[in-house]
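Letters A, B, ... mirror the listed sequences (proteins, then strands); counts begin at 1.
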Amino acid sequence: MKNSNNSYVVLNKSQQEAVFADDTPMIIFAGAGSGKTRVLTYRINHLIKSGVPANSILAITFTNKAAREMAERIDTVVSGRQKPTIGTFHSVCARILRENAHRLGYSSRFVIFDGSDQKSMIKKIVKELELSESFYKPSMLVSIYSKYRRDMIDIESIDVTSHYKAGRIKIFKRYESLKKESDGMDFDDLLLNVVRLFEENPDLLEFYRERFRHLFVDEFQDTNAIQYRLIRLLAEKYRSICVVGDDDQSIYRFRGADSKNIELFMKDFPDAAIFKLEQNYRSTKAILEFAHKVISKNSHRTDKQLWTENPEGEPIDFIRVGSDRDEAKKVLSIIETEHGRGRNYSDIAVFYRMNSQSRIIELELTGVVPYKIVKGHRFYDRREIKDIISYMQLVLNRNNNVCFERIVNVPSRKVGKKTIELLREEALKNGCSLFDAAKLFLKKRKNAGLDSFIGLIEKAEKIGSIVELFDYLIEQSGYMDMLKNEGGTVSENRISNILELKNAIVEHSKKEDGSLEAFLELTALTDDSNDISEDNVNLMTLHASKGLEFPVVIIVGTDDGIIPHSNSFSDPEQLQEERRLFYVGITRAKEKLYILSAASRMIAGSLSGFAASRFAREHFKENNYFYFGGNNGEPIRKYW
DNA sequence: GTCAATGTCATTTTT
DNA sequence: TGACATTGAC
């Protein structure tokens, strides 16, 4: 077995202990870069070798990318045709639900609504109920509701004494019924419904306990209450469960992740064997020491100290410049310097706290240095892609009102607000979907555009091959023509995105389960499967950097108010999470780390001043000033 | 019903 | 800054 440096590796002592431990509940505390994926895959291979059927193993990862990586490393020679199930919580749950949707009153072709679907649904509901749009903000409602559901709070039980709460409850109820009507589930439903399914159907629970007799959970510190409940349900009987985590890398509290699940696990499985992986194989001593200084300021950590046999390495450069523009220029010059020293562009990554920071950096890099944004927008979130996918979803399930409304007038068929309003009334009256309402409507009134739309979808429903269906839809709907007529680079981009989607469909159709349903599921749950092959500088948020590593890392925006974000100032818990986020970013670096800070930047259209981040000031003592160094951006170097 | 111009508002992180 | 909604002219 080779590691990522392409040298032959063996397991160190603590790794071996974990890999070959008895099949009892176990928890592995794996520090950053300590080879946890290696341990996980070795252990899975070990189980298979010792006679466990590969297909009775379920490994849950945090991202689909991690799942793919792990799948590649599972020893297929040993497992033969059987394969372990590897996926994220959401994709595994979706699979379980497809097999049993009827028990919950869904069809097996139910649709998955992602975050932006949720937002637009809520927005529509607020309008429909004639509530104040400035008060009931979709994104806020989505997150409040998600929290309710994660905490398993029944909205019926909430007191509605205050009118704003009453409004919310109304919205949430309507949202629930809208989802049901459309035969759709959101991300929370995927998890909740599986828990419900298991708790209400002991036979099913038995079945899946048998099916997934051996459990592995990666990034355990980022599981939420429901996910933990699900794991416990499955694991209780056979108690073959291995969880891997690092409380220092818990950065998804805002999404309900609770590193207390680690304590809970140890309480629920008091006999769990505990392993610690503390040797780091990734970073230089300089980087690791800096990382440790940053994270050790947090309280309530499980005690551990990473160490490495790697060389001391280059010192960390802390660079403070005058403005965000200068910062971007500095990023460019660092990239050019590093590239000049013989590094590939793909060896370099730039991390930022928020997506909006990427723009100014892109401005400097475009045309000079090749770069790619790692899931800035997910590919499947792009407008043209969502449009086309909506077409396909509607073909699959004509009750999907959300999709119907999205595309009935794209490209323009002269079906505007007024017509849709009429269709809604019709649908309400007859208790049917918008699609069927449209058919009824057409019996009474002429509407050429709507008529052609209905015809388009009904014809499409008869097409068997998904590739043919795709071609039919983009051509006959007039979508391609619309883009071609628009002209301009934006439209050209959209066209090439659609062609890329076609590639994905062609690829998909060759797969074992090449169905349209399976494809649509992929689009809802997949993070960008972006080609790693090309030589690009990687740009991404700190969150997106988790699980990755790069020889050179540049962290920008290390200012008080950005990292840590100003929203966290008042909440010590939140502040600790920001520190962990910074720690995650630092520990991605293998050889060289640059920390950048700017004294002023444009935020939301206005210029504001920033002090260097407290996380940096603690260590780079020379920089106790609000502003220094002008625009020259000479690094302040710190040697340890 | 469409389009362009103007106005308003928000900015954390994501499966 | 720019995404997005609303307004007003055709």
Side-chain angles (χ1 to χ4, degrees), chain A residues 60-67 87-94 112-120 123 127 133-134 137-140 142-143 146 150 185-191 219 222-224 226-227 250-257 324-325 351-360 362-363 374-378 380-381 383 409-421 447-450 486 521 523-528 540-546 557 561-569 571 574-575 577-578 580-582 584-585 601-608:
Chain A
I60 293 173
T61 55
F62 195 65
T63 62
N64 289 291
K65 197 161 146 241
T88 62
F89 272 103
H90 297 272
S91 65
V92 170
C93 286
I112 297 167
F113 293 125
D114 66 19
S116 65
D117 294 327
Q118 286 181 296
K119 261 207 306 218
S120 60
K123 203 175 201 170
K127 268 193 191 144
E133 285 176 62
S134 55
K137 301 217 168 74
S139 53
M140 193 188 222
V142 167
S143 76
S146 175
R150 282 196 310 261
M185 299 192 201
D186 59 25
F187 287 140
D188 292 320
D189 288 320
L190 293 177
L191 303 169
E219 306 282 8
D222 281 324
T223 51
N224 65 30
I226 309 235
Q227 290 166 338
S250 164
I251 54 173
Y252 284 97
R253 217 170 63 101
F254 69 94
R255 205 171 77 189
D324 47 358
R325 186 77 200 279
F351 301 159
Y352 34 82
R353 178 66 238 265
M354 30 187 184
N355 285 117
S356 56
Q357 290 172 264
S358 75
R359 204 188 45 85
I360 193 161
E362 286 182 75
L363 225 52
V374 177
K375 61 173 167 185
H377 299 280
R378 282 170 41 207
Y380 293 115
D381 278 349
R383 188 164 78 199
N409 203 32
V410 183
S412 169
R413 297 187 181 89
K414 303 198 189 284
V415 180
K417 270 190 208 144
K418 254 170 80 190
T419 316
I420 297 211
E421 212 33 67
N447 185 325
L450 193 58
E486 272 173 17
E521 185 163 313
T523 63
L525 296 176
T526 305
D527 47 48
D528 233 334
M540 71 193 82
T541 63
L542 285 162
H543 282 87
S545 77
K546 182 148 107 160
I562 309 288
I563 310 173
H565 195 273
S566 49
N567 287 0
S568 67
F569 285 170
D571 179 356
Q574 197 62 32
L575 210 51
E577 176 139 319
E578 295 286 308
R580 291 193 293 269
L581 188 57
F582 189 44
V584 166
R601 42 192 1 128
M602 292 291 281
I603 297 285
S606 62
L607 193 70
S608 26

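- Between A:T223 and A:F89 there is a side-chain heavy-atom pair separated by less than 4.5 Å.
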Its contact letters, B for base, S for sugar-phosphate only and - for none at protein heavy atoms under 4.0 Å, make nucleotides 1-10 of chain C read BS--S-----
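- Checking A:T88 against A:S91 by side-chain atom types alone, a donor-acceptor pair falls below 3.5 Å.
- Every ring-ring contact (aromatic ring centres under 6.0 Å, His included) that A:H90 has, sequence neighbours left out, goes to A:F187.
- A:S568 meets the side chain to side chain contact (heavy atoms under 4.5 Å, CB included) test with A:P564, A:Q574, A:L575, A:E578; sequence neighbours excluded.
- Comparing A:K137 and A:K418 by the nucleotide of DNA chain B that holds the closest heavy atom to each, the one mapping nearer the 5' end is A:K418.
- Evaluation of the salt bridge (charged side-chain N to carboxylate O under 4.0 Å, His left out) rule for A:K123 yields no partner, not counting sequence neighbours.
- In this structure, A:Y252 reaches the sugar-phosphate backbone alone: every heavy-atom distance under 4.0 Å involves primed, P, OP1 or OP2 atoms, never a base.
- A search for salt bridge (charged side-chain N to carboxylate O under 4.0 Å, His left out) contacts involving A:D222 returns A:K546, not counting sequence neighbours.
- Both key distances under 3.5 Å define a Watson-Crick or G-U pair, and stretches of 3 or more such consecutive pairs in DNA chain B run B:1-10 with C:1-10.
- In this structure, A:N355 reaches the B:dT14 phosphate: one of its side-chain N or O atoms is under 4.0 Å from OP1 or OP2.
- Annotation: salt bridge (charged side-chain N to carboxylate O under 4.0 Å, His left out) contacts of A:R325 (sequence neighbours excluded): A:E364.
- Annotation: ring-ring contact (aromatic ring centres under 6.0 Å, His included) contacts of A:Y252 (sequence neighbours excluded): A:F62, A:F254, A:H543.
- Atom C1' of B:dT13 sits at a distance of 22 Å from the matching atom of C:dC4, rounded to the whole Å.
- In terms of position on DNA chain B, the residue among A:H90 and A:V415 whose nearest nucleotide sits closer to the 5' end is A:V415.
- Atom-to-atom, CG of A:L581 to P of B:dT13 comes out at 11 Å; the value is rounded to the nearest Å.
- A straight line from CE of A:M140 to C1' of B:dA10 spans 13 Å, rounded to a whole angstrom.
- With rounding to whole Å, A:R253 atom CZ is found 12 Å from B:dT13 atom C1'.
- Residue A:H565 contributes atom NE2, which lies 14 Å from atom P of B:dA10 at whole-angstrom precision.
- Among the atoms of the strands shown, only primed sugar atoms or phosphate atoms (P, OP1, OP2) are found under 4.0 Å from some heavy atom of A:T419.
- Applying the ring-ring contact (aromatic ring centres under 6.0 Å, His included) criterion to A:F569, with sequence neighbours excluded, gives no partner residue.
- One atom, CD of A:Q357, and another, P of B:dA10, lie 20 Å apart when rounded to the nearest Å.
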